[in-house]
Chemist: 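Take a look at this one; I'll ask things after.
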Amino acid sequence: MAATPHRLPLLWLLLPAGLLYGGLALYPLAGMLQMSLTEGWGHYAEVTQGRLLWRAATNTVAISLTTTAIALLLGYVLAAGLWRCGPATRALLLAFIMLPFWTAVLVKNFAWAALLQDNGVVNGLLQWAGLTTAPVTLLHNRLAVIIGMVHYVLPYAVFPIYTAMRGIDLRVERAARSLGAGTLALFWTVLLPLTMPGVLSAGLLAFIVSAGFYVTPVVLGSPSDMMVSNLVSYYVHELVDFNAAAALAMLILAAITPVIVLQQFASRGQHGGG
Amino acid sequence: MAATPHRLPLLWLLLPAGLLYGGLALYPLAGMLQMSLTEGWGHYAEVTQGRLLWRAATNTVAISLTTTAIALLLGYVLAAGLWRCGPATRALLLAFIMLPFWTAVLVKNFAWAALLQDNGVVNGLLQWAGLTTAPVTLLHNRLAVIIGMVHYVLPYAVFPIYTAMRGIDLRVERAARSLGAGTLALFWTVLLPLTMPGVLSAGLLAFIVSAGFYVTPVVLGSPSDMMVSNLVSYYVHELVDFNAAAALAMLILAAITPVIVLQQFASRGQHGGG
Amino acid sequence: MTVSGRSVEVRGLHKNYGPHLAVRDVSFHLQPGEFLTLLGPSGSGKTTTLMMVAGFEAPDRGEILVAGQDVAGLPPERRNFGVVFQGYALFPHMSVLENVAFPLRMRGLPGAEQRRRAGEMLEKVGLSAFAGRQPRQLSGGQQQRVALARALVFEPDALLLDEPLGALDRKLRESLQQEIKAIQRRVGISILFVTHDQDEAMGMSDRIAVMAEGRLVQLGSPAEVYLHPRTPFVAGFLGETNFLTGSFCGVADGLAVLRFADGSLGRARLPDGVAVPEQGGKALLSVRPERLRLLPDGPVAGVVESCTFLGRHARYVVQALGQSLALSTTEWSPGAALPAGAAVRLGWAAEDAQLLDG
Amino acid sequence: MTVSGRSVEVRGLHKNYGPHLAVRDVSFHLQPGEFLTLLGPSGSGKTTTLMMVAGFEAPDRGEILVAGQDVAGLPPERRNFGVVFQGYALFPHMSVLENVAFPLRMRGLPGAEQRRRAGEMLEKVGLSAFAGRQPRQLSGGQQQRVALARALVFEPDALLLDEPLGALDRKLRESLQQEIKAIQRRVGISILFVTHDQDEAMGMSDRIAVMAEGRLVQLGSPAEVYLHPRTPFVAGFLGETNFLTGSFCGVADGLAVLRFADGSLGRARLPDGVAVPEQGGKALLSVRPERLRLLPDGPVAGVVESCTFLGRHARYVVQALGQSLALSTTEWSPGAALPAGAAVRLGWAAEDAQLLDG
């Protein structure tokens with residue numbers, strides 16, 4: 001009688017549903033794995049030998065890192081604002097930050113595309129201000145991709161940092177002040193070190209979301225800004241090669257998994273360190 | 001000297017960044033609004049007079065409601081499993097539940113498409129088992145859309161319910177038992193009522209995510225399963241009518257905003273009620 | 001309503017958590033209508049013992065008899081105890097009346113009967129006017145009365161209370177202690193009470209079972225365990241005390257005689273159940289600060305280290321017998337306090353010092 | 001190291017939060033080397049007062065003088081107080097040594113000097129061996145010593161302590177109280193201490209400032225505020241007491257004379273600052289339970305309601321003068337306790353009863 005016998009019934013009720021969902025989650029994965037291996041490692045070789053993958057992979061890492069860096073900087077400032085402001089301002093700020101999260105990705109991107117196009121609002125403003133006479137190419141380049149992606153990724157960067165800040169005991173901050181720390185010293189010696197776990201977690205999360213991004217590069221970017229997720233779509237739509245697409249998807253999953261695991265640990269460490 | 005004067009410097013540092021981000025969030029919205037109004041209400045009339053919008057709207061609501069209902073049922077069972085199991089099982093279950101969250105949407109949908117196609121794994125299994133001789137059409141119908149969407153939406157449904165469950169004091173449960181409640185009575189009289197705020201929050205969230213869905217109906221559904229978000233893409237790509245697309249996007253935003261506000265209140269009520 | 005409290009007998013209860021022995025061989029007998037307290041520090045096994053009686057933990061060995069019937073195999077909902085938890089664990093989604101009617105509803109009583117009996121019970125605890133309120137609209141004291149009403153309304157065999165006053169401040173605690181006692185006196189129920197607070201245990205209990213490291217180390221009336229502790233743990237846990245070490249010289253007139261390091265002799269009571277040490281062996285003695293007295297011709301010489309006025313009494317720290325001794329006295333006035341460094345003589349009545357085990 | 005404590009004088013401090021007046025006209029003078037406690041229930045304004053002295057809250061009116069210099073306009077980092085918070089607020093990402101060196105680093109001392117002085121301070125509090133540890137690896141008592149070392153190392157003008165022992169259990173509290181007193185004795189610093197616990201205040205303080213509803217209601221030594229309270233609030237907050245109401249008959253031999261409802265007369269001390277009521281007016285009197293005595297020829301007749309043994313003393317509840325009176329006595333033995341219903345006579349020495357304001 002080691003366990004309490006009165007707990008079991010509820011758990012038994014859960015078992016079939018658990019198995020069903022386990023299947024739902026694992027089944028496509030297993031199916032993809034099987035599809036990708038129909039010719040041994042052949043499909044993997046096919047995918048990795050082309051120059052397309054390396055170009056897409058380089059793009060993915062470069063764009064994701066840039067996006068992450070910008071999102072962290074902006075995110076830190078926004079999180080600090082959320083932390084320090086009164087409840088009314090906080091509600092307003094939260095609405096701002098959540099807005100892109102709730103707006104469907106596509107709606108946002110088309111909005112950006114419409115704004116950044118040659119005869120769009122931004123070019124109109126630039127010409128009206130006399131800063132340029134001919135329209136500037138704002139769309140279909142890396143800048144446009146990164147603006148769109150930062151906009152999308154920002155909420156993911158804000159919240160882990162904000163959580164870390166809320167975990168800081170007001171008394172620790174007051175202690176630092178009473179011991180002689182001014183505003184800048186307080187930031188560098190106490191606030192920044194104590195929020196670093198949140199920054200780490202936010203950075204990894206922003207990177208994951210950026211790297212898994214599909215829609216933005218297609219709408220706002222040029223073909224040279226293709227990222228790895230686009231490549232899956234390319235194999236399916238253009239080459240109608242499901243097996244190669246599956247192999248590619250497995251490779252992406254394998255590459256991103258360690259980062260996800262790291263992020264999970266970072267966000268856990270955050271709670272322990274608070 | 002009503003406020004403490006020592007707080008202000010940090011807030012002033014935040015102001016420019018806050019304005020920058022406020023612009024980033026509001027600018028596309030304002031731009032879209034302006035674009036949609038270039039001909040007064042003309043673009044709105046154009047969009048709302050076509051039969052396409054009503055068909056898409058009906059599809060959106062029907063598919064989203066079905067998805068939400070299934071996701072709530074599965075999600076409740078999974079959340080209960082998470083709540084009741086030991087820490088090791090919990091980590092495993094969490095990984096299962098988060099898997100679709102981390103896998104790029106597109107990768108998952110193509111995997112489902114590959115599995116459900118006429119010569120895919122599922123039809124293979126069905127024929128091998130002698131349940132059917134000819135392939136069954138599993139893809140490009142509403143069932144496929146809903147399976148894909150439930151899979152995607154499930155994590156959103158699980159977590160608010162799980163949070164509500166974790167907020168239940170073990171002692172309240174034990175009190176109910178000591179007062180004579182068996183397993184079923186415990187569930188109906190105590191656990192379910194106490195988790196209702198979480199269920200409400202989860203349902204609204206699942207509905208929002210479902211309604212904003214773009215990718216799944218395109219890949220897994222038939223043209224008749226088109227949802228409102230697809231329609232935006234249709235106006236941009238097929239009709240190259242940016243203004244109508246903007247009007248449509250504004251309509252979607254206007255329709256979904258009250259649901260989002262409701263969800264925000266529900267998820268707050270959840271914390272208060274715990 | 002008079003609930004006739006029944007007896008609850010626990011025999012040889014054992015419980016392991018993995019390699020850790022949480023409860024070892026605990027036995028006691030709660031008499032009908034008695035107030036018995038399990039008192040001990042956290043980790044002493046007192047709450048685990050209560051949870052085994054309630055049915056939330058399964059014992060590895062041992063019997064739990066209610067009026068002679070073993071209930072160890074029954075789940076908590078089939079036992080018939082009213083349990084009151086720390087924080088009261090009221091149902092937040094039900095009104096006060098629905099909370100109190102809940103156990104009757106679980107027993108399948110008709111709705112009218114449920115409401116009638118719950119209403120009567122609320123009247124007993126003076127909360128009729130609050131029947132329609134939600135629990136969160138009540139004060140801490142009112143919530144406790146609802147929890148007691150809910151635990152009493154189905155006429156349970158006994159009340160089990162798990163540190164119900166744990167999280168409250170002192171003033172509220174004291175008034176709620178009196179309320180629990182008053183309700184018990186009115187309905188005559190047997191109560192098994194768990195606390196880590198010795199003052200609470202002494203003020204409320206008929207008998208106290210002191211627990212440490214999973215064992216029941218002493219069971220007796222508040223006066224017995226306070227005045228005649230058998231082990232250093234019991235002596236120290238029930239209040240401040242001075243421990244004196246000497247060598248055992250023998251027994252004279254039923255009292256133990258010890259010789260201290262400075263050669264002086266001291267006498268002490270030999271409580272029942274304490275093993276008599278061998279001649280010349282080490283012996284440990286406990287004298288409480290209020291039993292240590294400043295006497296002009298006391299046998300022990302000392303020097304005052306400090307004197308602190310604490311209201312009800314004043315506390316001297318005196319250097320004597322090679323250690324610091326605490327001495328508390330009510331004979332103190334602002335002008336007459338002895339200064340630090342004053343030479344004093346002290347002593348104690350033989351029956352006020354206790355020889356301890358170990 | 002001997003820190004020469006400096007005087008801190010607070011004059012007419014006022015603070016509003018919106019329409020709510022948090023602190024009203026609070027003045028006191030902390031002498032060099034003194035231990036002064038602000039004692040009051042939550043919401044009495046004691047912590048707000050301390051935070052205004054520390055600089056975290058800006059007063060609406062009033063002066064804060066350190067050795068005669070007004071510091072009210074300076075931000076907290078420019079004042080020179082060592083503040084110890086509840087929970088200690090150590091920097092979790094720094095070692096013990098780095099924590100203690102922090103205020104020296106903020107003052108721009110060279111690294112070697114920082115380490116030398118922080119090391120010396122750690123030696124003073126007996127934590128040299130823990131210099132390299134992280135705060136979370138220390139026990140509660142060790143953390144308190146680190147917080148004290150960190151607050152003392154830069155030779156502050158005074159220590160401000162905001163309920164440093166608030167969240168701890170009683171045994172640990174008592175030993176940490178003694179440690180704070182010992183460190184103060186060693187370094188001679190002035191201490192302003194905030195607590196809601198009257199025993200803590202009485203055991204540690206040179207003087208106690210009792211606060212209620214934003215006001216300082218009485219300031220004096222522990223014995224003064226306990227024995228000679230001026231208001232019902234002070235009498236009740238510093239320990240249990242019995243309030244008796246009578247009509248004022250006049251002053252005889254410097255003592256107030258009252259007539260109770262049953263016609264009997266009683267005498268009481270008239271503390272300084274208490275207004276003398278008019279002849280025949282209502283007068284309120286406080287007698288502490290340990291000052292109320294069972295006397296064979298006492299002037300007041302009563303009937304025992306209950307007797308509870310509480311260890312250091314026994315507590316009788318006696319029905320007398322038309323109300324329930326609490327009486328505590330150390331003259332109690334298991335056999336000699338008076339049963340409920342016994343008729344007794346009681347009384348008090350005139351100087352043990354206090355006439356109160358209001």
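First the proteins, then the strands, lettered A, B, ... as listed; each starts at 1. As a basis for the values below, the full set of heavy atoms in this structure was taken, side chains included, without hydrogen atoms, waters or symmetry mates.
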Chemist: Would one find more than 12 heavy atoms of other residues, nucleotides or ligands at under 6.0 Å from atom CD of C:E213?
Modeler: no
Chemist: Would you mind listing every salt bridge (Lys or Arg N to Asp or Glu O under 4.0 Å) that reaches into residues 233-242 of chain C, with sequence neighbours excluded?
Modeler: C:E240-C:R315, C:E240-D:R312
Chemist: The criterion is ring pair (Phe, Tyr, Trp, His ring centres under 6.0 Å); which residues satisfy it with C:F233, sequence neighbours excluded?
Modeler: C:F237
Chemist: Looking only at heavy atoms, which of residues 214-224 of chain D get nearer than 4.5 Å to chain C?
Modeler: D:P222, D:A223
Chemist: Between atom CZ of C:R185 and atom OG of D:S306, what is the distance when rounded to the nearest 0.5 Å?
Modeler: 6.5 Å
Chemist: Counting only heavy atoms from other residues, nucleotides and ligands, does the tally under 6.0 Å from CZ of D:R267 exceed 12?
Modeler: no
Chemist: What do you reckon, is CZ of D:R269 surrounded by more than 12 foreign heavy atoms closer than 6.0 Å?
Modeler: yes
Chemist: What part of C:L227 lies closer than 4.5 angstrom to a heavy atom of chain D: side chain, backbone, both or neither?
Modeler: side chain
Chemist: Heavy-atom cut-off 4.5 Å, strictly under: side chain, backbone, both or neither for C:H196 against chain D?
Modeler: neither
Chemist: Using a cut-off of under 4.5 Å for heavy-atom pairs, which of D:T330, D:L238, D:L310 has the most such pairs with chain C?
Modeler: D:L310
Chemist: Checking D:Q178 against chain C: side chain, backbone, both or neither under 4.5 Å from a heavy atom?
Modeler: side chain
Chemist: Please identify, among C:G239, C:P289, C:G311, the residue contributing the most non-hydrogen atom pairs under 4.5 Å to chain D.
Modeler: C:G311
Chemist: Side-chain atoms of residues 199-208 of chain C: list all donor-acceptor pairs with protein atoms under 3.5 Å, sequence neighbours left out, distances to 0.1 Å.
Modeler:
from, atom 1, to, atom 2, distance (Å)
C:D199, OD2, D:R170, NH1, 3.3
C:E200, OE1, C:R173, NE, 3.1
C:E200, OE1, C:R173, NH2, 2.6
C:E200, OE1, C:Q177, NE2, 3.2
C:E200, OE2, C:T195, OG1, 3.1
C:S205, OG, C:T37, OG1, 2.5
C:S205, OG, C:A201, O, 2.5
C:D206, OD2, C:F35, N, 2.8
C:R207, NE, C:E34, OE2, 2.5
C:R207, NH2, C:H29, O, 2.8
C:R207, NH2, C:E34, OE1, 3.2
C:R207, NH2, C:E34, OE2, 3.2

